[in-house]
Asks: 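Structure in structure tokens, see below.
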Amino acid sequence: MAGSQVTSDGARGTGSIGAAPGYRPSATLPFAAEFRRQASRRRTQLALGFMVLLPLIILIAFQFDSGNDDDNGRGEFGSLIEFATTGGLNFTLFTIFVSASFLLVVVVALFCGDTVASEASWGSLRYLLAIPVPRARLLAVKLLVALAYSALALLLLAGTALLIGTLRYGWEPLRSTVAAQLEPGEGLLRLLAVLGYLAVVLLVVAGLAFLLSVTTDAALGAVGGAVLLWILSSILDQITALGALRAFLPTHYSTAWLGLLSTPVQTDDVVRGSISAISYATLFWGLAFWRFTRKDVVS
Amino acid sequence: MRSPLSAARIRRALPTRRRRVVAASTAVVLLAAAVTWAVWPREAAVRTEAAMLTVRSGPAGDQPVDLDTTLYLPEDASATRKVPAVLLAHGFGGTKDSVRADAEEFAGRGYAVLTWTARGFGRSGGQIHLDHPDYEVRDAERLLDWLAARPEIRTDGAGDPRVGVVGGSYGGGLALLLAARDRRVDAIVPMITWNDLSRAFLPESTGREPVDGVFKKGWAGLFFGGGGSVGTGPAGLSGTAAAQPEGAPASAGPPAPGPGAGPGTGPGGAPAGAADPSCGRFAADVCAAYLRIATTGRADQAAVDLLRRSSPAGVLDRITAPTLLVQGEADTLFPLSEADANARGIAAAGTPVRVAWFTGGHDGGEGPKTDTDRVRYLTIQWLDHYVRGEGDAPGDDFTWSRIAGFDALDRGLVATGYRTADYPGTAGDARREITVAGPAQPIANPPAGNPAAISSVPFAGELSSLLGGVAGDVPGQHARFESAPLDEAVDVVGAPTVSVRVASPTGEAVLFVKLYDVEPGAAATLPNGLVAPIRLTGLPSRIEEARPVTVTLPAIVRRIEAGHRLRVVVATSDQAYATPVEPTVYTVAPGDGPVTLPTVTGEPIPTTATIWRWVLAGLLAAIAVGLVVVVAVVRRRHRRQDSSVHPGYADTPLAVRQLRKEYADGFVAVSNVDFEVHPGQVVGLLGPNGAGKTTTLRVLMGLTQPTAGEIYVFGHRLVPGSPVLSRIGALVEGPGFLPHLSGLANLKAYWRATGRPVADAHFDEALEIAGLGASVHRKIKTYSHGMKQRLAIAQAMLGLPELLVLDEPTDGLDPPQIAEMRRVLQRYATDGRAVLVSSHLLAEVEQTCTHAVVVNKGRIVAAGPVEEIVGESPSVLFEVTDPDAARTVLDRLEGVRVLPDGEGQLVVDTNGTARSEVVAELVRAGIGVDRVVPRRRLEDAFLALVGENSRGSGDR
């Protein structure tokens, strides 16, 4: 952060901050370096691989359609299932629909919850700090990389689904019974908007998992803790007796993206959901930075 | 971020444990408070008085009837604090309890609310006369008398309470009829109610009289049969029609009727007179009229007159109370045209009228929350101004709403509200004309109306009405005429008209005209399930001779998107209506005119959504600003940070000054450590386990904050993250590698993280030191402990740092490797570099280091060059064959002194005398010398320390 002050002077190369030659705090742990560190991990490869595999599995599963159309009984959004095989866009929408509530939460929690805690458990965290990578920078880079992988997972899932769905079912308009059918171009835009909102909602998971990640040395604890709290929030959200309090639950607006499918687009809950998600994420990340820049790393 | 000063002060002020307890308790208390606040029952200060009142009504006002009433009073209402009143009437089949929630709402707003169970329902006595002016309406008049006599109620004069009448459906009809009959009523809010009951049940959409109407048998049956507590609604504030008691979902099926609500249930607990199983609690004349109509499907004039008697249509000009008419768009029972007729009739007399449409109704229920909020607001505003006398005049602008889609969260509907200054009626303020075309089509009237098309199912729920999911036409029984795809979207607000030509061999036809919104590639939607029944007479038998008739369809609010088509369907049957029994084949062709779609120009009613958008923008801006401020503050603090070089230590690789570290739990790991490492030195930090070595190194690496004291590296003050750390290579607390990478990849990843040039790393030297050979390409998780240790030392040496700090470097190494490591370290500490090694092994320090610092229990017990502190002491240990003789010999020697020591061993202070000489003396005296061992001071000291307490002090 104080990199601008660093000047190299002389053979020993120690600047006014007394650093080793070539060392600049702002150059430590480059984004690409951290990205590669994470990319080499099996869990990253497996998670991203599964994002590609899942649409394929769903596609194969649809091939077993026996034609016995029983009522899916999911209210007006059950149509997402009925229409899943009507086109690539609908197939993608279906894939997102079935992944949004749990799979993506786990994946985001994995990327964001594991990133610091696993370094702590390997003992490599203290060597990064001894380089020294400034703590705020370490967190910022780790967070950005984790978010980049989360976004990549989301895009891989949607992209694969769109690709194989279109190859199998064609480039058809986006259909649902909640709204008029949307031309493919418009449908694609809506799909992107849905992905964008999902990404925003998942920031809560990212924030929570990241906060837990800097708090514990157990990667499993951070990931599992974030998922558990997410589930807890979802359960509480089912309890209508809580009344207005439910609106403060981080999961309350998690399905508001469905409103983006109707015509005209229902953005009220999307806006409220974004406010909620961004507030929570900011709070959690703020706490994470506050805690990590002050704590004793004793692992 | 706050200033570290204040944070530190707080931290010091509160012991950690207590701080945590305080923080946790605060969080718990806040959470508990929030939960309590949220779930605390909002008991408005309302008291209730239930009473069975006996009122006298009937044509002569002398027939007593018991009415089950509840009066809701605001807590502070009294004879000195009089409050205005609201008469709150329930819907058909309901009781006073159906409107309890609304009553509490009004009472909470400072109104006395009188609810009662209408005669013929619930525990009230009497029979159902369908809001007959002499019965139900007169009952209500008596209730006004009763209200006027209550001391808490504000009055306008003797016997004239200040009162508004609110009700939905059956209760709404009562409100209109009461206002027309009794001038004491100050304002009314009739919701989803009728104008002409005969037209509601016997509609005819070409403008014919109810005697020629088509009987709406579905709804009529529901009402009469008590199959559901139809129209129980309150509507009161909740604006709904509410055919359901509070809380019942719209599609949950008909709720149980109140006791004795329908025919066949007998008189129940009320004196209902003779129990006619076919009439139940209906009055005989009403019952007879129903039976006549239902039997024939046609109404005679007497039946129409009976229904008209219960209709506001003829008495609207007598209404002087300002009227807020709320009507539902999803209402196949009392469509929008009923409210339209009421509005025109009342306005014609000069009485203030305001009209609001919402997306619910008898089919649609309460409608979305935005609608209930709007209706609630309008109602309160109306009552506050015209009854309580507060607030500005509400004005007469027209508000309506359109279903905009589904709410993704609670799976309900979402409506967008609109407003326009003048009420345009059902004809709109503009029209769009769209031509539909199609050939003449023969359609069959099924015998006895079976099978029949389905347009709406009363109480099937709001979804069916929106989705048109239940709509279905029977093949062969309907004709279709379609338009071309629309060029642009049309916002229909009002009643479309359609022109058709019909031929019938009998000269008569009963038909149902519907307008579908046809989405390309998807199902056609019948807006709200609304159909226009027509009864045509005098028809020619050939279609060519047929004259066009104009059909006015029920008013709708719907946006028909561009690209959609209009489809006019003319069907012969409909399950909701009574149709001719005889099978016939009609021929239907389009008329001469286009379909006209009325539109209304209105502006959207702003909702809280706009505010939320601003909140979101504000939040994002605040976060951005906050981030900038935090970064600026951090940079500023960095800039201010003391970057000066301590002149005394400028060339000293490491100087530790009075270091103290106290952990959060109060454990003092390091109490006072003070030492220096100079260039060329290999310094050993020696101490038993738990002496504080590791803690010292942690602080040195910037992993933990010292409680007190300073560390200088080349004169730079060292704090966590100090750039000067980059000149230190470290192995602290064992190796830390990424298990999934190879040794080499780990080193490279580590070096990449430093951001320094690759050339500075000196990988080859480091790898040579590690000595792992081909194993550097294997994954770390396959390494032994010693291999990891060697790799970790290599990692510490990457970039050849000027100070190398190694914590227990020989841990896990075998003896040859340890020997090699010694040489490496000694070589390393040349060229101005220095090494700090921590160890609990005396021998290691002794053999490797040039200097040693001995710590125990967090304190330094000895420090200096190894030769100095490890060096030979003047004392020597002798093992001899005859200790006693040896003692005698030694005592004779000049300066030599035998120290008091134990058991067969002699510890001798030679005091300058050569050991060889001492040995020679002993041998000369004939004493065998087994061993001569020089004693060391450091060993003495260290062993004494370790022996004293090397266990249980914990890992420091």
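Heavy atoms only: backbone and side chains are in, while hydrogens, waters and symmetry mates are out. Chain naming here is simple, since letters A, B, ... match the order of the sequence lines and numbering starts at 1 in each.
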Asks: Which answer fits B/Ile623, side chain, backbone, both or neither, if we ask what part of it has an atom under 4.5 Å from a heavy atom of chain A?
Replies: side chain
Asks: Pick one of side chain, backbone, both or neither for B/Lys788, based on which atoms fall under 4.5 Å of a heavy atom in chain A.
Replies: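 Interface part for B/Lys788: neither.
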Asks: Give, as side chain, backbone, both or neither, the part of A/Thr240 having an atom under 4.5 angstrom from any heavy atom of chain B.
Replies: neither
Asks: Give me the atom names and distance for the closest heavy-atom approach of A/Pro21 to B/Asp760.
Replies: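 The pair with the smallest heavy-atom distance is O-OD2, 3.8 Å.
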Asks: Tell me, do A/Pro132 and B/Ser726 make a side-chain contact under 4.5 Å, heavy atoms counted?
Replies: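 Yes, at least one pair of side-chain atoms sits under 4.5 Å.
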Asks: With a 4.5 angstrom heavy-atom cut-off, which part of B/Leu616 approaches chain A: side chain, backbone, both or neither?
Replies: both
Asks: Evaluate side chain to side chain contact (heavy atoms under 4.5 Å, CB included) for A/Trp122 paired with B/Leu738, printing each intermediate quantity in order.
Replies: CA-CA 7 Å; A/Trp122 295 328; B/Leu738 279 58; 3.7 Å; yes
Asks: Between B/His740 and A/Arg37, which heavy-atom pair has the shortest distance, and what is it?
Replies: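 In this case the closest contact between B/His740 and A/Arg37 is NE2-O, 3.8 Å.
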Asks: Measure A/Ser274 against the heavy atoms of chain B and call it side chain, backbone, both or neither at under 4.5 Å.
Replies: both
Asks: Might you point out which heavy atoms bring A/Pro30 and B/Arg752 nearest each other, and give the distance in Å?
Replies: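 Heavy atoms only, the tightest pair is CD-O, 3.3 Å.
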Asks: Please answer whether the main-chain N or O of B/Gly736 pairs with a side-chain N or O of A/Arg126 as donor and acceptor at a distance below 3.5 Å.
Replies: no
Asks: Can you name the nearest heavy-atom pair linking A/Tyr127 to B/Gly734, along with the distance?
Replies: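 It is OH-O, 2.6 Å.
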Asks: Where is the tightest heavy-atom contact between A/Gly22 and B/Arg756, given as atom of each residue plus distance?
Replies: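 The answer is O-CG, 3.5 Å.
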Asks: Measure distances from B/Leu700 to the heavy atoms of chain A and classify the residue's part below 4.5 Å as side chain, backbone, both or neither.
Replies: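 No part of B/Leu700 comes within 4.5 Å of chain A.
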Asks: For B/Pro735, which atoms come within 4.5 Å of any heavy atom of chain A: side chain, backbone, both, or neither?
Replies: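 It is the backbone, since no side chain atom gets that close.
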